Amino acid sequence: ALGLSFFLLSLIASPALAELTLESVYPNQGVLGKDLPVTLNGTGFDENTRVSMTLDVGNKKAIIGSVDTQGVAWDVTVVGDTAYLAAGNSGLQVIDISNPVSPQVIGSVDTPGNAYRGVISGSRAYVADGLSGLQVIDISSSEAPQIIGSLDTAGAALDVVVDGLYAYIADDTGDLLVVDISNEISPQSSAVLEMTGRAVGVTVIEDTVYVTGNDGDHLIVDVQDPKVPVILDTVKFNCTTSSAEFIYLKGVIATDDNVY
């Protein structure tokens, strides 16, 4: 199974910016598909300077480190020097990435279903575990993570995000499930919002949840009151079965101004 792979970054310099001096870029490696805050040191920069980062062309095929994991690597979340891998039927894998050249699996917990997505909040991991719904995992010990709570969902939980005391789950029955996680040992369903197709991806920014469906429907939901979610808008994309499957694999990501 594919494990974790790292990439190298390089700065693309423009002749028009020849007066700029770049002394260092840190860090110069990250995980594909994940945000990477980068610090540039040098001279000639001001508030109007714009910098473009790209994969190092000379190294784009050079994997500098990897680790073989059990199961299928569906999703990864990085917190500091630790990566948390949703590994399908092998549950949650905890990986020490302090040495990117030689990452090491240091702990794992087998979930009852298939771990598709995982998010970290403090010392807890919340895993969308397919037909076994939501799994709440204590990760305070990286070497010995433990399941401490769960909530079954109507279908297969494919994606999850956490905001404060609530988790939002994309369930393939076509539901957005709002879950109260204030009692992490016994999470409770607070609200269910139905879509026409399968809910396969979810993300949240402040009081707005974005849900993507495999039939091309994408919901924008107001969750100022998480117990009473309100659909603000529905965006419809024409998509075939194959493109819908692509959406399923990629989910949804939102920034302050755009949804991808």
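Because the structure is a prediction, the values reported are computed rather than measured. Residues take their numbers from the sequence shown, with the count starting at 1.
- Rounded to the nearest 0.5 Å, atoms OG (Ser150) and CD1 (Ile185) are 11.5 Å apart.
- Ala157 and Gly133 get closest at one heavy-atom pair: CB-O, 3.7 Å.
- When all heavy atoms of Asp110 and Ile147 are compared, the closest pair comes out as O-CD1, 4.0 Å.
- Contact record, Ala191 with Pro229: CB-CD, 3.6 Å, taken as the closest heavy-atom pair.
- Between the side chains of Glu206 and Thr208, no donor-acceptor pair of N or O atoms lies under 3.5 Å.
- Ser90 places a side-chain N or O within donor-acceptor distance of the main-chain N or O of Gly71, the cut-off being under 3.5 Å.
- Listed for the Asn114 side chain is a donor-acceptor partner under 3.5 Å among the backbone atoms of Asn89.
- In this structure a side-chain-to-backbone donor-acceptor pair under 3.5 Å is missing from Thr82 to Asp96.
- Contact check for Leu219 versus Leu176: no side-chain heavy atoms found under the 4.5 Å cut-off.
- For the pair Leu134/Val127, no side-chain contact is recorded, criterion being any heavy-atom separation below 4.5 Å from C-beta on.
- Atom CG of residue Leu158 and atom CG of residue Asp75 lie 12.0 Å apart, to the nearest 0.5 angstrom.
- Contact of the Tyr168 side chain with the Pro226 side chain is registered, since non-hydrogen atoms from C-beta on lie closer than 4.5 Å.
- Tyr84 and Val105 are assigned to two separate hydrophobic clusters, defined by single-linkage of ILVMFWY side chains at heavy-atom distances under 4.5 Å.
- For the atom pair CG (Leu165) and OG (Ser182), the distance works out to 6.0 Å, reported to the nearest 0.5 Å.
- A distance of 12.5 Å separates CD1 of Ile97 from CD of Gln104, quoted to the nearest 0.5 Å.
- For the pair Ser189/Leu177, a side-chain contact is recorded, criterion being any heavy-atom separation below 4.5 Å from C-beta on.
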Q. Could you walk me through whether Ile148 and Glu184 pass the side-chain contact (heavy atoms from CB on, under 4.5 Å) check?
A. CA-CA 7 Å; Ile148 59 172; Glu184 53 200 14; 4.0 Å; yes

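- A side chain to side chain contact (heavy atoms under 4.5 Å, CB included) with Val162 is found for exactly one of Ile120, Ile181, Val204, namely Ile181.
- Connection of Val192 to Val211 is not established within any shared hydrophobic cluster, with ILVMFWY side chains joined at heavy-atom distances below 4.5 Å, either directly or through further cluster members.
- We find the NE2-OG1 distance between His218 and Thr212 to be 3.5 Å, quoted to the nearest 0.5 Å.
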Checking Leu193 against Ile231 for the side-chain contact (heavy atoms from CB on, under 4.5 Å) test, could you report, in this order, the C-alpha distance in whole Å, the side-chain angles of both residues, the deciding distance, and whether it holds? CA-CA 9 Å; Leu193 197 63; Ile231 297 176; 3.6 Å; yes

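- Of the possible donor and acceptor atoms, one in the side chain of Asp129 sits under 3.5 Å from a partner among the backbone N and O of Gly113.
- Looking at Gln188 and Asn183, their side chains never come closer than 4.5 Å, going by heavy atoms from C-beta outward.
- Linking Ile, Leu, Val, Met, Phe, Trp and Tyr residues whenever their side-chain heavy atoms come within less than 4.5 Å leaves Val223 and Val160 in two separate clusters.
- Of all non-hydrogen atoms in Val136 and Pro187, the two that sit nearest each other are CG2-CG, 4.2 Å.
- In this structure, Asp159 and Ala128 approach most closely via the heavy-atom pair N-CB, 3.6 Å.
- Sequence neighbours left out, the pairs with a member in residues 163-172 that pass salt bridge (charged side-chain N to carboxylate O under 4.0 Å, His left out) are Asp172-Arg198.
- A heavy-atom distance below 4.5 Å is found between the side chains of Thr69 and Ile95.
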Working for side-chain contact (heavy atoms from CB on, under 4.5 Å), residues Leu92 and Ile139
CA-CA 10 Å; Leu92 184 72; Ile139 55 171; 4.2 Å; yes

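- Transitive grouping of hydrophobic side chains (ILVMFWY, heavy atoms separated by less than 4.5 Å) brings Val178 and Val221 into a common cluster.
- Taking all atoms of both residues into account, the shortest heavy-atom contact from Pro112 to Ser132 is C-OG, 3.5 Å.
- Ile169 is listed as a side-chain neighbour of Val179, based on a closest heavy-atom distance under 4.5 Å.
- Note on Val79 and Val109: same hydrophobic cluster, where clusters join Ile, Leu, Val, Met, Phe, Trp and Tyr whose side-chain heavy atoms are under 4.5 Å apart, directly or indirectly.
- Considering only heavy atoms from C-beta on, Val202 stays 4.5 Å or farther from Tyr210 through its side chain.
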Go through it in stages, so that I can follow the logic: the residues are Arg117 and Tyr126, the test is side-chain contact (heavy atoms from CB on, under 4.5 Å), and I'd like the CA-CA distance, side-chain angles, deciding distance and then a yes or no. CA-CA 8 Å; Arg117 297 286 188 267; Tyr126 297 85; over 6 Å; no

